[in-house]
Amino acid sequence: MSDLRVRFAPSPTGYLHIGGARTALFNYLLARKEQGTYILRIEDTDVERSTQQSVDAILQAMDWLGLSYDEGPFYQSERFDLYKQKVQQLLDEGKAYKCYCSAETLTQKREAAMERGDKPQYDETCRDLEPRDDDSPYVIRFKSQRAGATSFNDRIKGTITFENTELDDMIIQRTDGTPTYNFVVVIDDAEMGLTQVIRGDDHVNNTPRQIQIYNALGYALPEFAHVPMILGADKKRLSKRHGATSVMDYRVMGYLPEAMVNYLVRLGWSCGDEEIFSMDDLIEKFSLDNVGRSAGVFNPEKLLWLNEHYIKTGDPQRLGELLKEYLEKDGVQITADIDCAEVVKSLQDRSKTMVEMAEKAAFYFSDSLVFDGKAQAKFITAVLGRERCLARLDHAITLAQ
RNA sequence: GCGCUCAUCGUCUAGCCUGGUCCAGGACACCGCCCUUUCACGGCGGCGACAGGGGUUCGAAUCCCCUUGGGCGUACCA
């Protein structure tokens, strides 16, 4: 056991998507390789958008991929007391302040600034207000450093620096009293003792703000590692427009979890010329050192190829059990006299997905034979004679049995 | 717009840090041939890239600068 501690922290506002799964995988791999601790934390501070169904869907997907965690799942919604306490601490120390600007005014000002071509930043109207007991609605903002710059050494991207003037006073507590992401993520990452924070590229911009909060709260900084985004074929951020982006959709489409894991890990990470990796290989070989810096395009065809590979080389017994599930979904009556492992063996080389295998396997469980149109036209010819051909077939089947 | 960031075949990538062994290697896809009286599998081969321009150097995919293009961010979302 090493003292490495990492986490996967999805927000339960939908299913587990391809990008999230890869982040989860990278974290998992590193934790297992270094024999560290893998933590799962549910980021549900947005009460409006978070649902239990989403949590379940994410948990199920992680389980399917084989990504087990050591601690958690922790729910941020159950830790509001802790966050409140930290907000109060910042307030007491003069590192945060109440802001009475309404959301409407803010939106107006932001739009006006954009029209003028200025930066859409908070104008600090309430930053230096005298503390007062006012029960009109307010949010709490973090008083950011105005001078200097904030920089950090990203494990994947190297040194990244932001001028502090780029960072405005962000909201850490909403009008309704709930805390916001950029604030709680720091508290939890720090309180949970994370040694590295491995997350998507889209968080690079948040990092300097978070660092200021680490500093304000007196926490030690973890190491940051930002992995590049996954894009669609049009080089836009991967979304539903590009097809299935939910990990579990791929299970429905007949993909094996090892194919998904293998595909995902190679998108952004490499190990020389190797393409095929089992989970054990990965735990042995994975390293942040070989993670690339540029965004990658999701390529369903390569995923399909990997799936084909794992079906071809998979254990017939196991695939047989799996096949039954797909067969049942197709409404096929499974009879006990047929050994599914044998069925799998006959179909492994000709199926790219389990769905395809189920389609091809259906005839084993059917009483009536339906011939393939093209094959029938080609082989059951006048020359050979339909009757003789069927007789031969019948003979062949008898022999096979 | 501004900020951050990225840049090798259509796609995923090796090589870049520690310049020469790279007229750039592997994989997916695609094309062709072989195997096969089915469908596939498989084998062999082909097509195909250092974004552009300047430097530095005897020598640059590798180092520096600029340009161009892409991504991300710019929320009382995460």
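Proteins get letters first, then strands, A, B, ... in listed order; numbering begins at 1 in each.
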Toward the 5' end of RNA chain B, by each residue's nearest nucleotide, A:Q173 or A:K119: A:K119

Sorted by number, the residues of residues 297-307 of chain A with heavy-atom contact under 4.0 Å to RNA chain B: A:V297, A:N299, A:E301, A:K302, A:W305

Sorted by number, the residues of residues 265-288 of chain A with heavy-atom contact under 4.0 Å to RNA chain B: A:R266, A:L267, A:G268, A:S270, A:D273, A:E275

Pick out the pairs of N or O atoms, protein on one side and nucleotides 34-36 of chain B on the other, that lie under 3.5 Å.
none

Close residues, residues 194-213 of chain A, relative to RNA chain B [heavy-atom separation under 4.0 Å]: A:D202, A:H203, A:V204, A:N205, A:N206

Nucleotide nearest A:E166 when distance is taken to its side chain, options B:rA78, B:rC4, B:rC2: B:rC2

Candidate nucleotides B:rA78, B:rU11, B:rG3, ranked by approach to the side chain of A:K235 - the nearest: B:rU11

B:rG43 versus B:rA51 - spacing of their C1' atoms, nearest Å: 37 Å

Residues from residues 102-109 of chain A lying under 4.0 Å of RNA chain B - heavy atoms: A:S102, A:A103

Strand-adjacent residues in residues 51-72 of chain A, judged by heavy atoms under 4.0 Å from RNA chain B: none

Proximal nucleotide (of B:rC76, B:rC6, B:rA78) relative to the A:D46 side chain: B:rA78

Integer angstrom distance from the C1' of B:rC72 to that of B:rC34: 49 Å

Proximal nucleotide (of B:rA7, B:rG71, B:rU5) relative to the A:I160 side chain: B:rU5

Side chain of A:D349 (C-beta onward), nearest among B:rG70, B:rA78, B:rC41: B:rC41

